[in-house]
Protein chains: 2
Amino acid sequence: MTVERVPASLGGATSHGYLLELIRSADGLSRQQLLSTTGMSRATLYERLDTLTRRGYIYEAEPLDSTGGRPSRKIRFEDRGRVVLAITLGQTHGTVSIADTTGTQLRSVTRDLDISDPAASVLDPLIQDGRALLARGADETLLGIGVSLPAPVEAVTGFVKHPTTIPGWAPDSVVAAVKAAWDLPLVIENDARAAALGERNSDTETVVYVKVGTGIGCGIVVEGSILRGAHGSAGDIGHIRMTPDGPLCRCGRRGCLAAYSSGRAIQDRLGHLHFSTAGEVGDAAMAGNPEVLNALDSAAEVLGRALAATVTTLNPDRLVLGGRIGSLAMFVDQVAHRVLADVVERIAEGMMVEAGHPEDLAACHGLTTLVMREIFAPRAVDRMFSDVTGLA
Amino acid sequence: MTVERVPASLGGATSHGYLLELIRSADGLSRQQLLSTTGMSRATLYERLDTLTRRGYIYEAEPLDSTGGRPSRKIRFEDRGRVVLAITLGQTHGTVSIADTTGTQLRSVTRDLDISDPAASVLDPLIQDGRALLARGADETLLGIGVSLPAPVEAVTGFVKHPTTIPGWAPDSVVAAVKAAWDLPLVIENDARAAALGERNSDTETVVYVKVGTGIGCGIVVEGSILRGAHGSAGDIGHIRMTPDGPLCRCGRRGCLAAYSSGRAIQDRLGHLHFSTAGEVGDAAMAGNPEVLNALDSAAEVLGRALAATVTTLNPDRLVLGGRIGSLAMFVDQVAHRVLADVVERIAEGMMVEAGHPEDLAACHGLTTLVMREIFAPRAVDRMFSDVTGLA
DNA sequence: CCACTTATGTCTAATGCTTAAACGAAAGTT
DNA sequence: AACTTTCGTTTAAGCATTAGACATAAGTGG
């Protein structure tokens, strides 16, 4: 049997960064397993593991079952006490969470807010909440911060773009406020996209996430990365035109999906019931108000028609619905029914249509993934080690 | 100034494969430029260039302008006399082309065929054509073969899947036939996807390619790679349901896009004119037949509505139309008009809607890209060199 | 409790890739 | 002819990596 050895010089997984990546992806490998999978020599591997351990990247965990001799010990990624702070902004409330390195929420605080207020007055209280949450953890190390918000975000800079929901916010307002509080790796992402990434279960999975709250947002994840498109507007399905004429949308056009199926559109249609938020609409539906259920039904019907096209275009493994309205069971059922009826069997077959996790959890998960990726990307790690090795 | 050096051990671009990649991407770099961009030592770089030259991967080309001293000489990827064979199968005819390594067609032969015939009787004559075309080239080296065909193709194996257009073909019929003729790297791809890749101009461009011929096909390219989706059905937009009820589609459902806008659908609607191929419909339109123009107009209108949704979902840089019907100027105009009217300005702005190159050229280009990628992928090249270096 | 097995931990000399530096020749410019 | 810049080759030194040996640790099975 020939074990495929890939020396470092051939771009193989032998540098500190790739070794860490390997350890991080496979939860717990023994030294023997590392030796055979990387093909490194004993001496080199041990040297690497030594440095990684001394610098706190990995640790030796519990022994594996013996196969007749001395049992091997698992080498694990050092995640003990490491946390990420996730700030999840919605239209009417924001959640600050502390998560472990896998993105699981450990504890959180939610507070009301009005996203149309100035950036500072929205963010400052949340940053205070974050400080308080961090203070409650003993022996925790904060690795980085992720922020999601209901507006377009520029991928590289983290700047807020075309902020129609938050017109008063300067592009760099979020970066500036958070960087002032914590000088750590920071990731900013649109809410639906963060949630989409959070709902993804495996690296190969294609996921379409649709958030129906006050507005309609959407995130698409293909092979582990978020689809952005030419100007970063990919997934902006709220303004798909469903009918040549139709209800007036906030964007000034007629017949947009958002004018049919968004929380705001439903509120408008049920104007005499005086709902003030998408959440209230959802509550009324849960309470069984037939008029509301009816409105949601037709909203879901239209959304389902639109998503049938999206699904046909992208052939995802899963279609996940989120948001105060999107995650209502009856809404999901109706959308699923429409989508599965409209999409050819070849594509629909095996596809899951389901309600996502609560949005703050999904976004927290996605944001953590982004933060961890940034910090522990093999090249980033190698750069850390090259400083000491003395490479210019 | 600190030049960023990335030693091979850190996965930097210093192995034979990555060096070749660098030379291949930047057309013509001097040794000096290579020294400074890779950060390698003179001795190592020269050794690498030496091996690459001796093995015929690169060559020394014309000198650059002098800057006061001895002029530097360009190092180029060895593409002289290297060709790729592309076989492009349509419903009614097939083209065999010889292309240079950039995918530019050098010479070609087109012959009629019926794709519903058995695989062997379709492929064998084309393979003969290929042999003849190759014989006409002096001092040419065939690097590999690409085949595109109007049916779903499994990505890794190149097997034909769910062949509704070609029900009699065994999954491995194409692989088997071509491998028997030439034992060289072989790539098989769906026609619209190959063309989509061929229409792409840069690595960052997001392109949606739609082929309207007898049927409707679509290929989506994001960051240089073809979007495939969960079961490889991404882009199968022909069966987006446009209306709850509507004309009967071949798939057995009603209101599919293909039942409105495909060549076959148009033929059916113009049944009394007795067209037998999509090409004839196109010819009649070119001749100005008002009835045909009218039918095409409404077909384009429906397609435009569907594509507005696709474009909104993906936010592409370009929407390219191909196929015997799709590339008609009046058809493109009508689709563009509808799409640009239906898509929010934020997304439509800057997006090009245009007719693609003739399909055999686009597919030839795309197929060549795939073949070249397979052969000259850094890791593949490194593997070639590791054999000799003696690495196990 | 003892033999056996398998993993861990450390060290050695040898190997081989990569580097820095120097030098001479080549091929332009002014 | 003097100057400049690139090309091409060689040297010794440096460093990372390797194979292999050897000792130790920690289980299993009789």
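Below, each value reflects all heavy atoms present in this structure, side chains not excepted, and no hydrogens, waters or symmetry copies. Naming convention: chains lettered A, B, ... in sequence-line order (proteins, then strands); numbering from 1 in each chain.
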> Is a donor from one side chain sitting under 3.5 angstrom from an acceptor on the other, for A/E47 and A/T51?
yes
> Does A/R42 place a side-chain N or O at less than 4.0 Å from the phosphate oxygens OP1/OP2 of D/dA21?
no
> Measure CD/A/E60 against C1'/C/dG9 and give the value in whole Å, please.
11 Å
> Among B/E78, B/H16, B/M384, which residue meets the side-chain contact (heavy atoms from CB on, under 4.5 Å) test with B/Y57?
B/M384
> Measure from CD on B/E47 to P on C/dT19 and round the result to the nearest Å.
11 Å
> Could you state the CG-C1' distance from A/L35 to D/dA19, rounded to the nearest angstrom?
13 Å
> At under 4.0 Å, does any side-chain N or O of B/Q32 touch on OP1 or OP2 of D/dT5?
no
> Distance check needed: D/dT10 P versus B/D50 CG, whole Å only.
11 Å
> Looking at every non-hydrogen atom in both residues, tell me the closest pair between A/T204 and A/D317 and how far apart they are.
O-OD2, 4.3 Å
> Please check the phosphate of D/dT18 (OP1 and OP2 only) for any side-chain N or O of A/T44 closer than 4.0 Å.
yes
> Any Lys/Arg nitrogen of A/R82 or A/E140 sitting under 4.0 Å from an Asp/Glu carboxylate oxygen of the other?
no
> Using a strict cut-off of less than 4.0 Å between a Lys/Arg side-chain nitrogen and an Asp/Glu carboxylate oxygen, indicate whether A/E60 and A/R73 qualify as a salt bridge.
yes
> Can you tell which of C/dT19, D/dC7, C/dG9 lies closest to the side chain of B/A43?
C/dT19
> Whole Å only: how far is the CD atom of A/E62 from the P atom of C/dA7?
17 Å
> Which of the following nucleotides, C/dT8, D/dC7, D/dT17, is nearest to the side chain of A/R48?
D/dT17
> Is it the case that the side chains of B/S36 and B/Q32 hold a donor-acceptor pair, with the cut-off being a distance below 3.5 Å and no angle test?
no
> Side chain of A/S66, heavy atoms from C-beta onward: which of D/dT28, D/dC7, C/dG9 has the nearest atom to it?
D/dT28
> Tell me whether the side-chain N/O atoms of A/S41 come closer than 4.0 Å to OP1 or OP2 in D/dT18.
yes
> Expressed as a whole number of angstroms, how long is the span from A/L29:CG to C/dT8:C1'?
16 Å
> I need the CG-C1' distance between A/D65 and D/dA26, as an integer number of Å.
14 Å
> Taking only the side-chain heavy atoms of A/T67 (C-beta and beyond), determine which of D/dT5, D/dT18, C/dT6 contains the nearest atom.
C/dT6
> Going by number, which of residues 68-77 of chain A have a non-hydrogen atom under 4.0 Å from DNA chain D?
A/G68, A/G69, A/R70, A/P71
> Does A/D27 pair with A/R76 as a salt bridge, N-O distance under 4.0 Å?
yes
> Whole angstroms only, please: what is the CE-C1' distance between A/M40 and D/dA19?
15 Å
